[in-house]
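Reading through the structure tokens given below for one structure.
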Number of protein chains: 2
Amino acid sequence: MFIYTEELAGDIDTCQYRRMSNPQMLPILEADTGAETVPCCAPLSRQPLGAEDSERIAAMFKALGDPVRLRLFSLIASHEGGEACVCDIADVGVSQPTVSHHLKKLRDAGLVTSERRGTWVYYKVAPSVVAALAGVLDLNP
Amino acid sequence: MFIYTEELAGDIDTCQYRRMSNPQMLPILEADTGAETVPCCAPLSRQPLGAEDSERIAAMFKALGDPVRLRLFSLIASHEGGEACVCDIADVGVSQPTVSHHLKKLRDAGLVTSERRGTWVYYKVAPSVVAALAGVLDLNP
DNA sequence: ACTCTGTATTGATGTTCATCTATACAGAAG
DNA sequence: CTTCTGTATAGATGAACATCAATACAGAGT
């Protein structure tokens, strides 16, 4: 399932890996930049997370830990191109300011990025961040 | 990455799937029973989650959304056999009642199960639940 | 300039939550 | 039965959070 760079495995918590289904290396960079790459860790079944890694990764899980945010995220992810206008996904049963608040939280967690195009704002998933999160959960490295 | 039962895909949110890396079907059952099987959904990039599915799955992400709980979970998952005594993982910087509190939350979320053996209590991961969570995050179905 | 629509921010409010101390419970060993 | 150790529960407290109404901001069109 995982191809894991063994030279880093026992050395430090933060290390590189790549998924077989999405074979791209993930260099270590800042998460909240919304860039292509993210810092991540070995699957949880490999080695326990350190205190700092736990903080960083838990923040991403926490962002998905609200039903409204998870729904918004899934609406973005399942939209064509992994991108959606706010106007397309705003109907989740809460007020418009609350939708905006939750989208900001998803953005701050590095799970989505936003871009204004004229009147509308488009949100898209940050694929490698999410792949890294899924990788952390992988129990069969 | 995913083999997805297409006959259910467009029909309803809750549907069956299996992972290629862990090729076992996951029939639909209760999550908090701690059983082998869990109810889960298509990857988020397939279709948006419904309101009820969002509640259920967000509860699992929320359980991993605290640094202490994520560390405890990783300590359990990375222990040999995916199982650990509380005494082995209790050193995460908070008091003993707080550790117990967090372990209960992980158990209530269906992510771990617990078993008393004599004086000690052992916690182990619920693998299919975690695999299902990882599957939900998969962006390349 | 003015207005209209889409999105973000501010400030307030009630709820949830993480944490602690104190205490209770369970099993083992005297 | 009593004591000791490991784990869980109860209750309290301060912080974080989800939500909303009101308001501000940004572009587009008239």
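Chain letters run A, B, ... following the sequence lines, proteins first and then strands; every chain starts at 1. Computation of the quantities below employed the complete heavy-atom set of this structure, encompassing side-chain atoms and omitting hydrogens, waters and symmetry-equivalent molecules. If you're wondering where the values come from, they're calculated on a predicted model, not measured in any experiment.
- The side-chain contact (heavy atoms from CB on, under 4.5 Å) check on A:Ile89 picks up A:Leu72, A:Leu75, A:Ile76, A:Ala84, A:Leu103, with sequence neighbours excluded.
- Of the residues in residues 62-79 of chain A, those lying under 4.0 Å from DNA chain D by heavy-atom distance are A:Lys62, A:Asp66, A:Val68, A:Arg69.
- Computed from C1' positions of five pairs at each end, the angle between the two local axes of the helix from C:dA1-D:dT30 to C:dG30-D:dC1 equals 10°, rounded to 10 degrees.
- Evaluated for a side-chain contact (heavy atoms from CB on, under 4.5 Å) with A:Val130, the options B:Asp138, B:Leu44, B:Leu137 yield exactly one hit, B:Leu137.
- With a heavy-atom cut-off of 4.0 Å to chain B, the contacted part of DNA chain D has its first and last nucleotide at D:dG6 to D:dT9.
- With sequence neighbours excluded, the residues satisfying side-chain contact (heavy atoms from CB on, under 4.5 Å) with B:Glu83 are B:Arg117, B:Tyr122, B:Lys124.
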Residue pair A:Val86, A:Trp120: steps toward the side chain to side chain contact (heavy atoms under 4.5 Å, CB included) verdict:
CA-CA 7 Å; A:Val86 175; A:Trp120 294 276; over 6 Å; no

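- Taking each heavy atom of A:Gly50 and A:Ser54 in turn, the nearest pair found is O-OG, 2.7 Å.
- Salt bridge annotation for A:Asp53-A:Arg56: present, with a cationic side-chain nitrogen under 4.0 angstrom from a carboxylate oxygen.
- Atom NE2 in B:His101 sits 10.0 Å away from atom CG in B:Leu106 (nearest 0.5 Å).
- As judged by a 4.0 angstrom heavy-atom cut-off over every strand, B:Tyr123 is placed among residues touching the sugar-phosphate backbone only.
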A:Leu111 and A:Val125: CA distance, side-chain angles, deciding distance, side chain to side chain contact (heavy atoms under 4.5 Å, CB included) verdict:
CA-CA 6 Å; A:Leu111 297 174; A:Val125 298; over 6 Å; no

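- By the side-chain contact (heavy atoms from CB on, under 4.5 Å) test, A:Ala58 is found to be paired with B:Pro67, B:Leu70, residues two or more places apart in sequence or in another chain being considered.
- The side chain to side chain donor-acceptor pair (under 3.5 Å) pairs that include a residue from residues 63-79 of chain A are A:Arg69-A:His102, where partners are two or more places apart or lie in different chains.
- For the side chain to side chain donor-acceptor pair (under 3.5 Å) condition, the pairs that include at least one residue of residues 88-99 of chain A, sequence neighbours left out, are A:Ser95-A:Thr98.
- Within residues 85-106 of chain A, the residues that place at least one heavy atom under 4.0 Å from DNA chain D are, in residue-number order, A:Val94, A:Ser95, A:Pro97, A:Thr98, A:His101, A:His102, A:Lys105.
- For B:Ser114, the side-chain contact (heavy atoms from CB on, under 4.5 Å) criterion is met by B:Arg107, B:Val121, B:Tyr123, not counting sequence neighbours.
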